[in-house]
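Following: one structure in structure tokens, then a few remarks.
Proteins come first, then strands; the chains are lettered A, B, ... in the order of their sequence lines, and each starts at number 1.
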Amino acid sequence: MEYNFKEIEKKWRQAWAERGTYRVKEDAEKEKFYVLNMFPYPSGAGLHVGHPLGYIASDIYARYKRLRGYNVLNPMGYDAYGLPAEQYAIQTGQHPAKTTEQNIARYREQLDKIGFCFDWSREVRTCEPNYYHWTQWAFRRMFNSFYCNSCQQAQPIEKLVEAFEQNGTAGLDVAGSEELNFTAEEWKAMSDVQQQEVLMNYRIAYLGETMVNWCPQLGTVLANDEVVDGVSERGGYPVVQKKMKQWCLRVSAYAGRLLTGLETIDWTDSIKETQRNWIGRSEGTEMQFRVKDSDIEFTIFTTRADTIFGVTFMVLAPESELVAQLTTPEQKADVDAYLEATKKRTERERIADRKVTGVFTGSYAVNPFTGEAIPIWVSDYVLAGYGTGAIMAVPAHDSRDYAFARHFNLPIIPLVEGADVSEESFDAKEGTVMNSPVAGKETLHGFSLNGLSIKEAIAATKEFVTKHGMGRVKVNYRLRDAIFSRQRYWGEPFPVYYKNGMPQMVPEECLPIELPEVSKFLPTETGEPPLGNADYWAWDTVACKVVENSRIDNISVFPLELSTMPGFAGSSAYYLRYMDSHNEKALLSAEAADYWKEVDLYVGGSEHATGHLIYSRFWNKFLHDIGVSKVEEPFRKLVNQGMIQGRSNFVYRLKDTNTFVSLGLKDNYDVTPLHVDVNIVQNDVLDIEAFKAWRPEYADAEFILEDDKYICGWAVEKMSKSMYNVVNPDMIVEKYGADTLRLYEMFLGPINQSKPWDSNGIDGCARFLRKAWGLFFDKENLAVTDVEPSKENLKTLHKLIKKVTEDIEEFSYNTSISAFMIAVSELSSQKCRSREVLQQLVVLLAPFAPHICEELWHIMGNEGSVCDAQWPVFDEAHLKEDNVTLSVSFNGKTRFTLDFPTTATKEEIEAATLASEQTQRYLEGMQVVKIIVVPGRIVNIVLKNK
RNA sequence: GCUCGAAUGGUGGAAUGGUAGACACGAGGGACUUAAAAUCCCUUGGCCAGUAUCGGCUGUGCGGGUUCGAGUCCCGCUUCGAGCACCA
């Protein structure tokens, strides 16, 4: 019987949908397993063959786990808010909701053809009110929370108010934007607005005036991970630094937990390392410096407290408030000019030309250890946002300080024995300390580091500084708070209105605040975000609710927040929502959270390492703190699928003609390479008729062929429309079937590796499925019978069970497919007819090729679905043989093989090997030093000359 | 500059320290066919020898080392990829 994949796949697609085969419910009887894919942004271009790679890999795992008896949750949805739909709206006037709807429909159609076991009843879309209700809800809770450093947890803001009323800031260890100090009396004396402003300093979601990445072309601010090399990630437009009032999330408060949490999860080292870099923990010392002839004191941060004796100048960031305080009248003009100049330079320019610039303030600091005066400079190589925005400069042992000292002719004092600082600084943290202090100089309490190793010196200085109240040990993180506002239309609206200039949360029971309709999607004439175009009273749902619940008489005097939330808002807790996606009362029920807990396997691209994967860990930790999420870390195991690149094809046109030269001959002519649609090229051979029909200008093209064929050139490039190298999964499904596509995508190589898509090898997988199908039939009839399986049959089967089970657990799908190919060809040559063996083969193959296996399962007369079969049990006994063949080596070089009974002991093998005729030939004139027997593998005889 | 990862035939890629190149593609040869497609069989890292005899050498980016034995472990490089990058 012919393998008719079109009919089979259509039939089972429908049957699975009708029967709800992939619906899951919480089931206390069964152990749960949660498989998740990073949900896609539905772009207008549809899916290309790269997108399903991860989905197929996780689908195989989900199906496998189900066959092993787990209750598997494998949901899917859409990250539906995003810039492309909005930009399309600006250009065409088409509402983003409509574009998004259409794109989702297309995605769904494509996804359905591949045979995934998604439970679509749990689908979420981030742009739907019943979903973003909970995004707004979480934001609201963050606004009403602060982070307690001593208990490492988010807590309700009321607790903080209570503390202020009793003791002011005394004894508090909480995360804040700035360090504030006030007494309970001072707190009580504050006006309502003043108190609100103080609280804003501590809220986890807060409105803060910070330096932001402003992208004028996009008309919006961007988060740090959305800016690459000083331009926007989307569109590549320039980004400038600008001080603006923006919503922020206090991610930095969670830096410590984000870092230590990495140790508890099963992710690749490279992603963990990337996150560690991004979090950027650095342990150092904060030290106070007094300004000479002044009461002013300021604090610096250093990881190299040991280099205190080599400080020859101090540097302030241009943005630092100290600059104005410390600049002397004589220097004021110079400093002002410098500040003006740095303000004009964008981030990009600062990165591009690292010129050494700076200016002297005219003031001096006092070295707390030696009493020496040290000049204080201003330079933009010191960043305001990190540490305290001020540093002690040690040119001998820091390359940046060194460059600065050289440029401005400042002294350089080496502090490490043998370090040569005549050409460059010595930055390494190894060696023995000297000149600390310089011989004969007096220091505070006679403090000296001379003779210690650098590590010892760092520790000694820390201890001394702490003991004498000169500073404290401090851990700094590079991780910044996330900027959470975007001046865009197509995003979640904030549940916020303003009263007396201070933001107020819309009451919880009024959520969700729905996105209003607008007349146009651009900023307003007064420069407000697009939401400013909404007819104010068109926010009727919002307005009415606010009026009712807050008993506000006239809403129009209380402006609404016009920014929307960024892309990562909706994607930060979607994995929780899948657990209970129809719940209207809560983000999810406690029962659902208790049952599903966390994602056991998360599959997606590594490009989200510093974006989504940080934000959602943060978000989950917050939700964990308030009791919604049951676990500290949301994603237990993470697998990163590689990117599928495009493999472009080229034709070579003779200059100024319509004649094309085949690849092998092109060097003899003057030719221009042109991209050609990969879909009219097979195995690099151009389909000439299709080429002529491709474009009108090629209709009468002529060709210079080799071997009667036109061979195309190729290159690996990004998969994109303009390179004509996009391959759609639909086309592959049409031509070969979904099962072949699934197998081939997995056979391409390890899933975590990036590789170009190349349709060349797909025939091999198609052939394999036809051969597998052929095992079950004799011409037109089912050939499977109840005969006893032969020993060979069982051996082949159990070899396969072992290999496939191990490989799936390790996501090594390409090797398990190889194992299937071997098994099928063995069973085929064994003429296996055994129902027992073939049925187990079907179950093993079902995760990879579900349609064909479901069909075979039913043809063999089984009830139900192959999805609910039992995973075959491996039995070692079937692999045992009477004889084992061992290779015999001399000095590690294999010479011949010998057969031994399986039961032979090491000693018997040794003796028999030595006695054998073949061995004797090699022993002539040699002496046996020793014999190594590795059971089942090798016998190695070590020889030397007599 | 720092951190992490990788390097194996014409191609994608296999190899718990134990016969390197599984499996697949491509290529070459053959069978069937009027022919093509499909299918099946053989060969396929390189060099040499040989086909009456199932043979030899070499080979996993480069240079060392550990080991009876290294693609695999250790040290030092080269190249490529990824992340961070004036973070004190």
Side-chain angles (χ1 to χ4, degrees), chain A residues 229 268-282 284-285 300-305 307 314-315 317 350-351 354-356 379-383 385-394 397-401 403-404 427 476-480 606-607 609-610 640 642-643 647 683-684 714 743-744 747-750 752-765 767-768 770-771 774 803 806 812 814-822 825 885-897 928-944:
Chain A
D229 293 333
T268 62
D269 289 339
S270 75
I271 291 267
K272 286 189 188 181
E273 196 58 31
T274 301
Q275 293 212 343
R276 282 190 198 108
N277 278 341
W278 190 260
I279 296 165
R281 182 182 198 273
S282 100
T285 314
I300 59 96
F301 175 76
T302 179
T303 53
R304 291 293 301 275
T307 58
M314 312 289 288
V315 188
R350 267 165 82 154
I351 294 167
R354 289 192 183 177
K355 262 191 268 165
V356 177
S379 174
D380 66 1
Y381 84 89
V382 173
L383 306 177
Y386 184 77
T388 60
I391 63 154
M392 62 180 216
V394 185
H397 302 289
D398 182 287
S399 49
R400 294 151 303 178
D401 298 343
F404 196 85
D427 292 13
N476 263 329
Y477 295 96
R478 216 183 55 217
L479 185 70
R480 308 292 165 82
S606 54
E607 67 272 19
T610 54
N640 300 112
M643 289 254 283
R647 186 179 186 277
N683 292 347
D684 293 335
W714 61 274
L743 280 176
Y744 185 58
F747 188 65
L748 223 45
N752 54 7
Q753 235 166 67
S754 287
K755 57 231 153 191
W757 175 268
D758 180 354
S759 301
N760 288 351
I762 198 164
D763 289 315
C765 289
R767 252 171 237 154
F768 159 73
R770 276 202 298 273
K771 280 186 205 164
K803 180 82 178 137
E806 285 170 1
S812 178
N814 55 334
T815 51
S816 39
I817 293 168
S818 296
F820 277 115
M821 290 174 173
I822 295 167
S825 94
T885 306
L886 297 189
S887 320
V888 180
S889 314
F890 296 95
N891 292 339
K893 204 157 204 74
T894 304
R895 295 298 172 175
F896 54 87
T897 61
V928 176
V929 179
K930 63 173 161 175
I931 303 177
I932 293 132
V933 178
V934 181
R937 289 178 195 269
I938 200 163
V939 183
N940 188 22
I941 301 171
V942 185
L943 298 176
K944 70 172 187 192

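- The CG atom of A:Asn640 sits 4.0 Å away from atom CD1 of A:Ile271, with the distance rounded to the nearest 0.5 Å.
- Of the residues in residues 889-897 of chain A, those lying under 4.0 Å from RNA chain B by heavy-atom distance are A:Asn891, A:Gly892, A:Thr894.
- Although no hydrogens or angles enter the test, the distance criterion places a donor-acceptor pair under 3.5 Å between the side chain of A:Asn891 and the main chain of A:Leu943.
- Residue contacts shown for A:Ile822 are limited to sugar-phosphate atoms, with no base heavy atom under 4.0 Å away.
- Look at OH on A:Tyr744: it is 10 Å from P on B:G26, rounded to the nearest Å.
- Atoms CG (A:Leu743) and C1' (B:C23) sit 13 Å apart, rounded to a whole Å.
- With sequence neighbours left out, A:Thr897 forms a side chain to side chain donor-acceptor pair (under 3.5 Å) with no residue at all.
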Identify each atom pair where a protein N or O and an N or O of nucleotides 37-45 of chain B are less than 3.5 Å apart, giving names and distance.
residue: B:U39; atom: OP1; partner: A:Arg770; partner atom: NH2; Å: 2.9

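- When the C1' atom is compared between B:U19 and B:U72, the two are found 16 Å apart, to the nearest whole Å.
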Run the side chain to side chain contact (heavy atoms under 4.5 Å, CB included) check on A:Tyr381 and A:Ile391 step by step: do they pass? CA-CA 10 Å; A:Tyr381 84 89; A:Ile391 63 154; 3.8 Å; yes

Please produce a list of atom pairs where a protein N or O lies less than 3.5 Å from an N or O of nucleotides 2-5 of chain B.
residue: B:U3; atom: O2'; partner: A:Glu273; partner atom: OE2; Å: 2.8

Mark up nucleotides 7-17 of chain B, 5' to 3', with B wherever a protein heavy atom is under 4.0 angstrom from a base atom, S wherever such an atom reaches only the sugar-phosphate, and - elsewhere. -----BSS-B-

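- Toward the 5′ end of RNA chain B lies the nearest nucleotide of A:Gln275, the other residue of the pair A:Gln275 and A:Arg480 mapping further downstream.
- For A:Arg281, the salt bridge (Lys or Arg N to Asp or Glu O under 4.0 Å) partners two or more places apart in sequence, or in a different chain, are A:Glu283.
- In this structure, A:Ile817 places its CD1 atom 13 Å from P of B:C25, rounding to the nearest Å.
- Using P as the reference atom, B:A22 and B:G30 are 24 Å apart when rounded to the nearest Å.
- As rounded to whole Å, 13 Å separates atom C1' of B:C84 from atom OH of A:Tyr386.
- Atom name C1', nucleotides B:C74 and B:U66: the rounded distance is 7 Å, in whole Å.
- In terms of the salt bridge (Lys or Arg N to Asp or Glu O under 4.0 Å) criterion, residue partners of A:Lys803 (sequence neighbours excluded) are, by chain and number, A:Asp807.
- Not counting sequence neighbours, A:Arg767 has no partner by the salt bridge (Lys or Arg N to Asp or Glu O under 4.0 Å) test.
- Comparing B:G61 with B:C57, their C1' atoms sit 22 Å apart, to the nearest whole Å.
- Going from the P atom of B:U8 to that of B:U3 covers 25 Å, rounded to whole Å.
- How far CG of A:Asn760 is from OH of A:Tyr744: 6.5 Å, rounded to the nearest 0.5 Å.
- When side chains are defined from C-beta on, A:Phe747 counts as touching A:Ser818, because their heavy atoms get closer than 4.5 Å.
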With Watson-Crick and G-U wobble geometry limited to distances under 3.5 Å, how should the secondary structure of RNA chain B be encoded in dot-bracket form, using | for bases paired to another strand and [ ] for crossing pairs? (((((((..(((.....[....)))((((((.......))))))((((......))))..(((((..]....))))))))))))....

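- Note: A:Phe301 and A:Tyr386 have perpendicular aromatic rings, judged against thresholds of 30 and 60 degrees for the angle between ring planes.
- Rounded to whole Å, the separation between the P atoms of B:U58 and B:A24 comes to 31 Å.
- Note: NE2 (A:His397) to P (B:C86) measures 23 Å, nearest angstrom.
- For B:G9, the glycosidic angle deviates from 0 by 90° or less, giving a syn base.
- Looking at every heavy atom in both residues, A:Arg304 comes nearest to A:His397 through NH1-O, 4.4 Å.
- We find that CG of A:Leu479 is positioned 16 Å from C1' of B:A85, with the value rounded to whole Å.
- In this model, the phosphate group of B:A88 is not approached by any side-chain N or O of A:Tyr381 to a distance below 4.0 Å at OP1 or OP2.
- Look at CE on A:Met392: it is 9 Å from C1' on B:A88, rounded to the nearest Å.
- Where A:Thr610 and A:Gly761 meet RNA chain B, the nucleotide closest to each residue was compared, and A:Gly761 sits on the side nearer the 5' end.
- If you check every strand for non-hydrogen atoms under 4.0 Å, A:Ser887 touches a base.
- Taking the C1' atoms as reference points, B:A85 lies 8 Å from B:C2, given to the whole Å.
- A:Thr610 pairs by the side-chain contact (heavy atoms from CB on, under 4.5 Å) definition with A:Asp225, A:Thr274, A:Trp278, not counting sequence neighbours.
- Residues passing the salt bridge (Lys or Arg N to Asp or Glu O under 4.0 Å) test with A:Arg647 are A:Asp684, A:Asp758, sequence neighbours excluded.
- Straight-line distance between the P atoms of B:U43 and B:U53: roughly 16 Å, to the nearest whole Å.
- Between the P atom of B:A88 and the CE atom of A:Met314 lies a distance of 16 Å, rounded to the nearest Å.
- When the side-chain contact (heavy atoms from CB on, under 4.5 Å) test is applied to A:Val929, the partners found at least two apart in sequence or on another chain are A:Val942, A:Lys944.
- With contacts defined as side-chain heavy-atom distances shorter than 4.5 Å, the pair A:Phe896/A:Phe890 qualifies.
- The shortest distance between the side-chain N/O atoms of A:Ser282 and the OP1/OP2 oxygens of B:A88 is below 4.0 Å.
- The minimum heavy-atom distance between A:Gly387 and A:Asn476, with the atom names listed, is CA-ND2, 3.5 Å.
- To the nearest 0.5 Å, the span separating CZ on A:Arg937 from CD1 on A:Ile932 amounts to 15.0 Å.
- Across every non-hydrogen atom of A:Ala393 and A:Asp401, the tightest pair is CA-OD2, 3.3 Å.
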